[in-house]
Amino acid sequence: MKINVLKGMYDVLPEEVVFWQFIEKTVRETAALFGYGEIRTPILERTELFKRGSGIGTDIVKKEMYIFEDRGGRSVTLRPEGTPSVVRAYLQSGVTSQGEIAKLFYIAPMFRYEKPQKGRFRQHVQFGAECFGIKNPAIDAEMIIFLLTIYARLGLKGFVLELNNVGCGKKECRESVRKGIKDFVSGKTNSMCDDCKLRLEENPLRILDCKKEGCIEILSGFEGTDSLACESCRSYYKELKDLLSANAMPFVENSRLVRGLDYYTAVVFEVTASGLGSQNAIGGGGRYDNMVKELGGPDVPAVGFGAGIERVIMALKSQCPDFPVSTATDVFVVYQGEKALKKVLFILNTLRLKLNISAKAAFGKSMKAQMRTANKLKSKYCIIVGDEEINKGVFKLKNMESGEEKEITENNLKSIRQLFRGKNE
RNA sequence: GUGGCUAUAGUGUAAUGGCAGCACAAGAGACUGUGGUUCUCUUAGAGCGGGUUCAAAUCCCGUUAGUCACCCCA
């Protein structure tokens, strides 16, 4: 019986891996420019971390975690999102009671037990960043610019930044926002969908997120969460908007924007792109000033984002279908006869190890078949070696584009290097 | 978790309930030392389990997987 990959998971094959390498490289380079250091945390953590970090009320924790018992009887969970792990590592690395400024980024797989569909998987990879220890609109702006810079450097076009203030972590502020929403819909709750009727008590914020027509209608005149929030976070939010505008970072205010993670305080943002099916979010984040304390650390403010690499790749592909990088072979070594076969490895070794030229060969095939393979691999040159060449102490070098052939002596194999001037030097 | 659609060779696709075809890909060959074009040949297929029927790729049930949407998210 054949065994296939698990539902919602996939293999990244060589043709596809070039996209991944390109994105990973761009993220790392950009992070270096912004002063963020890479962090790698285990994919497995104590279940408790995500329950307390992501919040027991979230869908992720309630129904999407890969959770199981290890052999020591501990409940462990495959990381469903990046932030709690980074907070844990930040704390564990030994911050003082004041908290320290730390700027960290990661590229890491996430696991959620969901029903897969376009742009949604059970294992997906996010790049993300977190900044601890600073609460200032400027760092939020920098964080957003960091994310948008990565998208821009990837060549992504047409993405939109959405922004909202959902009310800061202070009790009065939270209560005022919740109450404001409840008051606004009171009297109209009958025509709301069943989900929203439940949300009314559990998490009124989520009502804003509902896509049902009836619920959208009810909320049509809603003035937005920002106007319900407290003075201090409203002015913080305004300052952030001013900073973004002053730096030519276009954004759209979305007073309905609510993120699925409960820990966000005040600032939330999301970046959307087209060509992704019904999943149009390619990245999102916000400020989470309470999580570090809730996970047992000092009262350290924080801001961060996460972005899905699969969705970025999808968006890039839908924008420029010819994106894949060509991986043509430089030299293909063709041989004829037993004696020549002994020379093939010598030639391959010289090209690969001494001359830094990518070289291939096909063993155990007819010469014609070898040539066909060379052609299929888009080799620029072939080196042909058979009895005739061995007797003369030469190799035949064939330019596959022009068909032109010339002889080079065995000792002068290194002269091939000049054909690839500027490459891999 | 809920719902819709789909399942035939490596890939893409045909066939009133009656012999499972085609294209591409792959491999071998067409003056035994040379690729692309052309030609010939070869390999390779019903997701799985039941049922109806003389007969099932085709109809029915289940299951698995894929896919799309909802929920939610990246």
d([atom1], [X]; [atom2], [N]) in whole Å:
X: A/Y10; N: B/rA65; atom1: OH; atom2: P; answer: 19 Å
X: A/E401; N: B/rG36; atom1: CD; atom2: P; answer: 16 Å
X: A/M371; N: B/rG35; atom1: CE; atom2: P; answer: 6 Å
X: A/K118; N: B/rG66; atom1: NZ; atom2: C1'; answer: 14 Å
X: A/N280; N: B/rA69; atom1: CG; atom2: C1'; answer: 14 Å
X: A/L276; N: B/rA69; atom1: CG; atom2: C1'; answer: 15 Å
X: A/M9; N: B/rU64; atom1: CE; atom2: C1'; answer: 17 Å
X: A/K115; N: B/rU67; atom1: NZ; atom2: P; answer: 12 Å

At 4.0 Å (heavy atoms only), tell me whether [X] reaches a base, stays on the sugar-phosphate, or touches nothing.
X: A/K398; value: base
X: A/R259; value: sugar-phosphate
X: A/G337; value: nothing
X: A/Q279; value: base
X: A/I309; value: nothing
X: A/G403; value: base

When rounded to the nearest Å, what value does the distance between [atom1] atoms of [N] and [M] take?
N: B/rC19; M: B/rA14; atom1: C1'; answer: 16 Å
N: B/rA55; M: B/rA20; atom1: C1'; answer: 15 Å
N: B/rA44; M: B/rC22; atom1: P; answer: 15 Å
N: B/rA23; M: B/rG17; atom1: P; answer: 25 Å

Would you tabulate the side-chain donor-acceptor contacts of residues 252-261 of chain A under 3.5 Å, counting partners in other chains and residues two or more places apart, or write 'none'?
residue: A/E253; atom: OE1; partner: A/K241; partner atom: NZ; Å: 3.2
residue: A/E253; atom: OE2; partner: A/Y237; partner atom: OH; Å: 3.3
residue: A/E253; atom: OE2; partner: A/K241; partner atom: NZ; Å: 3.2
residue: A/N254; atom: OD1; partner: A/R256; partner atom: N; Å: 2.8
residue: A/N254; atom: OD1; partner: A/L257; partner atom: N; Å: 3.3
residue: A/N254; atom: ND2; partner: A/E162; partner atom: OE1; Å: 2.7
residue: A/R256; atom: NH2; partner: A/L219; partner atom: O; Å: 3.1
residue: A/R259; atom: NE; partner: A/E270; partner atom: OE1; Å: 3.1
residue: A/R259; atom: NH1; partner: A/Y264; partner atom: OH; Å: 3.4
residue: A/R259; atom: NH2; partner: A/E270; partner atom: OE1; Å: 3.3

Identify the nucleotide, in any strand shown, that forms a Watson-Crick or G-U wobble pair with [N], with both distances under 3.5 Å; if there is none, say none.
N: B/rU58; result: none
N: B/rU37; result: none
N: B/rC70; result: B/rG1
N: B/rC31; result: none
N: B/rA14; result: none
N: B/rU52; result: none
N: B/rA9; result: none

Please work out whether the ring planes of [X] and [Y] are parallel, tilted or perpendicular, with thresholds of 30° and 60°.
X: A/F420; Y: A/Y381; answer: perpendicular
X: A/F184; Y: A/F222; answer: perpendicular
X: A/F346; Y: A/F395; answer: tilted

What is the per-nucleotide protein-contact pattern of nucleotides 23-33 of chain B, from the 5' end, where B denotes a base atom under 4.0 Å from a protein heavy atom, S denotes such proximity for sugar-phosphate atoms only, and - denotes neither? ---SSSB---B
Heavy-atom side-chain proximity of A/F132 to A/V86 below 4.5 angstrom: yes
Hey, does A/I43 have a side-chain heavy atom less than 4.5 Å from the side chain of A/P109? yes
Think A/K63 has a side-chain N or O under 4.0 angstrom from the OP1 or OP2 of B/rG1? no
side-chain N/O A/Q117 vs B/rC68 OP1/OP2, d < 4.0 Å: no
So is A/R122 actually on top of A/Y113's ring, under 6.0 Å and inside 45° of the axis? yes
Does A/R120 make a side-chain donor-acceptor contact with the base of B/rA74, cut-off 3.5 Å? no
I'd like to know if A/E405 reaches the base of B/rU34 with its side chain such that a donor and an acceptor end up less than 3.5 angstrom apart. yes
Is it the case that more than 12 heavy atoms not belonging to A/R28 sit under 6.0 Å from its CZ atom? yes
How close do A/Q123 and A/E310 get, counting heavy atoms only, and between which atoms? O-OE2, 4.0 Å
Ignoring hydrogens, what is the shortest heavy-atom contact between A/N136 and A/R287? Give both atom names and the distance. N-NH2, 4.1 Å
Closest-nucleotide mapping onto RNA chain B: is A/A307 or A/Y113 further toward the 5' terminus? I mean the 5' end. A/Y113
Return whichever of A/A281 or A/M400 has its heavy-atom-nearest nucleotide of RNA chain B closer to the 5' end. A/M400
Which distance, rounded to the nearest 0.5 Å, do you find between the CD of A/E142 and the CG of A/L240? 12.0 Å
side-chain contact (heavy atoms from CB on, under 4.5 Å) between A/L397 and A/L419, intermediate numbers included: CA-CA 11 Å; A/L397 180 70; A/L419 297 172; 3.7 Å; yes
Below 4.0 angstrom, which residues in residues 282-291 of chain A have at least one non-hydrogen atom near RNA chain B? A/I282, A/G283
